[in-house]
> 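Shown below is the structure under consideration.
Atoms considered below: every heavy atom in the structure, side chains included; atoms not considered: hydrogens, waters and symmetry mates. Reminder, nothing fancy here: chain letters follow the sequence lines and each chain counts from 1.
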2 protein chains.
Amino acid sequence: MAAAEPVTLKVLAKELGLNVSTVSRVLNDPAGPDSKWASAQTTARIFALARERGYTRNPHAASLRTARSNMVGVIVPRLQDFVLATMYEGVDEAATEQGLFTVVANSLDKAETQRAKAEMLLERRADGLIFGDAHLTEPYLEELKGRGVPFALINRTCGEHLSVTCDDYAGGRLVAEHLISTGRTRFGVIAGDPTTSTSQDRTRGFLDVMREKGINVLEDRIIHGGFDAAAGQKAAIGLLAHPEKPEAIFAVNDFAAIGALGVLQERGIRVPDDIALAGFNDTPLAAGVNLTTVRSPMHEIGRQGLQTLQHLIGGGTVASTKLAPTLIVRASG
Amino acid sequence: MAAAEPVTLKVLAKELGLNVSTVSRVLNDPAGPDSKWASAQTTARIFALARERGYTRNPHAASLRTARSNMVGVIVPRLQDFVLATMYEGVDEAATEQGLFTVVANSLDKAETQRAKAEMLLERRADGLIFGDAHLTEPYLEELKGRGVPFALINRTCGEHLSVTCDDYAGGRLVAEHLISTGRTRFGVIAGDPTTSTSQDRTRGFLDVMREKGINVLEDRIIHGGFDAAAGQKAAIGLLAHPEKPEAIFAVNDFAAIGALGVLQERGIRVPDDIALAGFNDTPLAAGVNLTTVRSPMHEIGRQGLQTLQHLIGGGTVASTKLAPTLIVRASG
DNA sequence: ACGTATGCCGCAAACGTTTGTGTAAGCCGC
DNA sequence: GCGGCTTACACAAACGTTTGCGGCATACGT
């Protein structure tokens with residue numbers, strides 16, 4: 001067990017009687033074994049020795065030289081959120097395929113934290129950023145654009161900034177059409193954080209259908225708050241406090257829906273017989289509690305988010321994307 | 001809007017009429033403003049200009065020179081899992097406090113993927129690794145130890161390897177004592193993946209109490225599988241297939257418990273009147289569906305996991321830690 | 001007054017890559 | 001048999017840090 005000296009291009013080159021530049025070029029050539037940078041024989045010898053010695057390029061040296069880190073930073077409200085965790089998985093999967101790697105950070109949906117984390121990632125020389133926590137008014141994104149930092153949004157849109165999202169408006173419509181088709185006429189909405197596009201678009205889609213069908217959803221039956229189970233519980237309690245209980249509730253998010261479900265069960269309200277309930281995203285727990293919901297392609301949103309960013313970095317011309325949702329009808333509604 | 005040339009030590013030094021070495025030393029001195037590397041005046045000038053120009057150290061250059069990346073790699077079964085996501089948040093929080101940063105990867109609980117991701121992280125020159133996906137037999141960890149790679153385990157233990165976990169055995173005991181105290185005598189266990197310490201320790205704790213109280217839990221009432229809602233559903237169906245239904249079910253994991261809950265409700269079985277149900281971890285959804293469970297300090301496990309690793313890297317002497325769980329009694333049991 | 005300590009700072013060599021440019025040898029066509 | 005073209009490599013300069021060493025003052029001790 002020798003001193004375990006690191007195996008660098010230099011030691012490979014010396015052993016092969018070559019210059020580091022040649023070794024570097026061959027090893028980096030995407031053409032692989034039939035690189036045009038050396039004779040077939042030399043190329044083979046280089047690959048053989050590199051493999052034998054277990055050579056791995058020092059990414060710090062490479063990044064220093066090329067001024068590219070091959071790293072993209074991802075900022076999400078919170079990784080604990082299944083939805084964002086899934087999208088991040090999609091981002092990371094696509095990144096790995098492209099030879100990139102990702103670093104993720106929680107913003108807790110707070111502007112200052114978002115900014116701090118983003119700046120930290122930029123200090124680490126991220127080549128680009130992906131935001132999963134955009135709010136409808138977002139001066140920081142403008143600033144970044146001004147600074148020429150490449151970035152893309154996932155999950156939530158924000159103005160004209162490049163984004164990959166679910167077609168939330170369409171998803172809201174799906175739920176509305178379904179619940180109306182079951183014959184209900186009084187509705188409540190657990191609408192999530194009003195400063196986000198997901199909240200707004202989903203409820204807008206829902207309400208547009210209601211309006212089109214001539215159904216009036218009272219303003220005070222639309223309850224805003226957060227996206228988690230606790231917010232769902234609180235909103236449900238609010239909706240049930242009305243003299244005329246709703247016949248169906250649309251929560252724009254599965255977690256909020258499950259929180260609401262807990263309240264209903266606690267009070268002995270039968271679902272869906274007394275009140276129907278629908279969520280959004282089709283997280284596994286929705287299946288676990290038989291919740292009607294809208295499936296959004298979370299993983300794919302992440303994947304395309306990274307691809308979009310990469311095109312942007314590559315200087316290509318890219319446009320925002322909206323992926324289609326699917327209604328999943330289960331026992332709750 | 002000039003060519004936006006990067007602001008390096010060199011440009012600072014030139015502007016100040018100093019040498020880069022001086023600037024570097026002052027900027028790196030943990031003593032901060034009263035560094036002993038330069039006169040108070042010079043130090044002030046350096047800090048002033050650095051701030052004005054918005055200097056940020058190039059981490060690639062620094063890492064190249066120092067051969068330390070200040071990055072630790074974290075490997076988890078899956079970030080979608082709330083429990084591991086929370087632990088990772090703890091890791092990352094502690095890392096940020098220490099001026100480190102983290103990169104996380106999913107292993108999907110598969111040995112090959114775990115190895116592949118770990119090696120990728122090491123190629124990126126991670127200073128150390130944290131595993132949240134250890135299995136009871138784990139040759140790779142032995143190999144890493146042999147190679148001198150610093151690492152720590154969180155969530156699950158494995159042999160004598162350094163770890164920070166919840167005291168799962170104690171948690172299992174808590175559940176057993178509680179369920180017995182409610183007067184039930186026939187039990188079923190949804191035991192999760194048997195190749196993990198969490199599964200084994202939690203069920204062993206549970207069964208030890210049962211044995212101590214003279215209660216016999218039949219072998220076929222202990223159903224193994226995964227840790228997710230789907231596995232919970234399947235296991236619950238299995239348990240209900242018995243002629244004598246259990247009076248209480250302990251799922252070693254909240255998600256599995258929620259899956260089981262769905263099956264019970266679907267069949268019109270009242271919880272807890274007909275069957276009591278308890279989970280493990282106290283995820284927010286447990287509160288959402290009023291599930292009795294065991295609270296494990298997930299975030300803190302992550303934090304201490306990082307601290308442990310850091311001590312290990314620093315050459316200190318460290319021992320494994322088990323953090324105490326708390327029983328949370330809710331409506332389900 | 002002389003030697004030594006201390007404060008303050010510069011010099012220069014790494015760290016491991018990537019990449020523009022240089023240069024021999026061999027082959028071609030004529 | 002000579003110019004030009006390709007093949008197959010070598011040379012060397014960066015990229016931005018960190019850090020051992022050295023040097024010149026001024027202050028201090030005796």
> To the nearest Å, give me how far apart NZ (B:K10) and P (C:dG10) are.
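After rounding, the reported distance stands at 16 Å.
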> Restricting to side-chain hydrogen bond (donor to acceptor under 3.5 Å, both in side chains), what partner residues turn up for A:N58, sequence neighbours left out?
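In terms of side-chain hydrogen bond (donor to acceptor under 3.5 Å, both in side chains), with neighbours along the sequence ignored, A:N58 is linked to no residue.
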> Among A:T321, A:L312, A:L309, exactly one meets side chain to side chain contact (heavy atoms under 4.5 Å, CB included) together with A:L162. Which residue is that?
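For A:L162, the side chain to side chain contact (heavy atoms under 4.5 Å, CB included) check succeeds only for A:L312.
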> What does A:S24 touch in the nucleic acid at a heavy-atom separation under 4.0 angstrom: a base, only the sugar-phosphate, or nothing?
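Since a base atom lies under 4.0 Å of A:S24, the category is base.
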> Could you tell me if B:S39 and B:T42 have a donor-acceptor pair between their side chains, going purely by distance under 3.5 Å?
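There is such a pair (donor and acceptor under 3.5 Å, judged by atom type) between the side chains of B:T42 and B:S39.
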> I'd like to know if the side chain of B:T56 pairs up with that of A:R125 as donor and acceptor (distance under 3.5 Å, no hydrogens or angles considered).
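Yes, a side-chain donor-acceptor pair sits under 3.5 Å.
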> What I want to check is whether the side chains of B:Y140 and B:E119 have a donor and an acceptor closer together than 3.5 Å.
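Yes, a side-chain donor-acceptor pair sits under 3.5 Å.
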> In whole angstrom, give the distance that lies between atom NE2 of B:H60 and atom P of D:dT17.
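Roughly 12 Å, once rounded to whole Å.
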> Which of the following nucleotides, C:dG16, C:dT17, D:dT19, is nearest to the side chain of A:L64?
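The nucleotide sitting nearest to the side chain is C:dG16.
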> With distance as the sole test, does A:D133 use its side chain to make a donor-acceptor pair with the main-chain N or O of A:D109 at under 3.5 Å?
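Flag not set: sc A:D133 to bb A:D109 has no pair under 3.5 Å.
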> Nucleotides 22-28 of chain C: which of its N/O atoms have a protein N/O under 3.5 Å away?
none

> How many Å lie between CG on B:D29 and P on D:dT19, as a whole number?
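These atoms are roughly 12 Å apart.
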> Roughly, in whole Å, what's the span from CD1 in B:I46 to C1' in C:dC9?
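It is 10 Å, rounded to the nearest whole Å.
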> Can you confirm whether B:F131 sits close enough to B:R156 that some side-chain heavy atom of one is under 4.5 Å from a side-chain heavy atom of the other?
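No - every pair of side-chain heavy atoms lies 4.5 Å or more apart.
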> Does B:N106 reach the main-chain N or O of B:L79 with its side chain, forming a donor-acceptor pair under 3.5 Å?
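Yes, because the side chain of B:N106 sits within donor-acceptor range (under 3.5 Å) of the backbone of B:L79.
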> In whole angstrom, give the distance that lies between atom CG of B:N28 and atom P of D:dG20.
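About 13 Å, once rounded to whole Å.
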> How many Å lie between CG on B:L9 and P on C:dG10, as a whole number?
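About 13 Å, once rounded to whole Å.
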> Rounded off to whole Å, could you give me the CZ-to-P distance for the A:R125 and D:dC15 pair?
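From A:R125 CZ to D:dC15 P: 14 Å.
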> Where each residue is assigned the nucleotide of DNA chain C containing its nearest heavy atom, which of B:V23 and A:V7 is assigned the position nearer the 5′ end?
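Here B:V23 is the residue nearer the 5' end.
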> Mark up nucleotides 4-12 of chain D, 5' to 3', with B wherever a protein heavy atom is under 4.0 angstrom from a base atom, S wherever such an atom reaches only the sugar-phosphate, and - elsewhere.
----SSBBB
> Considering the options B:V11, B:L49, B:I46, B:L12, which one meets the side chain to side chain contact (heavy atoms under 4.5 Å, CB included) requirement together with B:Y55?
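Only one of B:V11, B:L49, B:I46, B:L12 forms a side chain to side chain contact (heavy atoms under 4.5 Å, CB included) with B:Y55, namely B:L12.
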> Could you state the CG-P distance from B:L27 to C:dC9, rounded to the nearest angstrom?
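After rounding, the reported distance stands at 14 Å.
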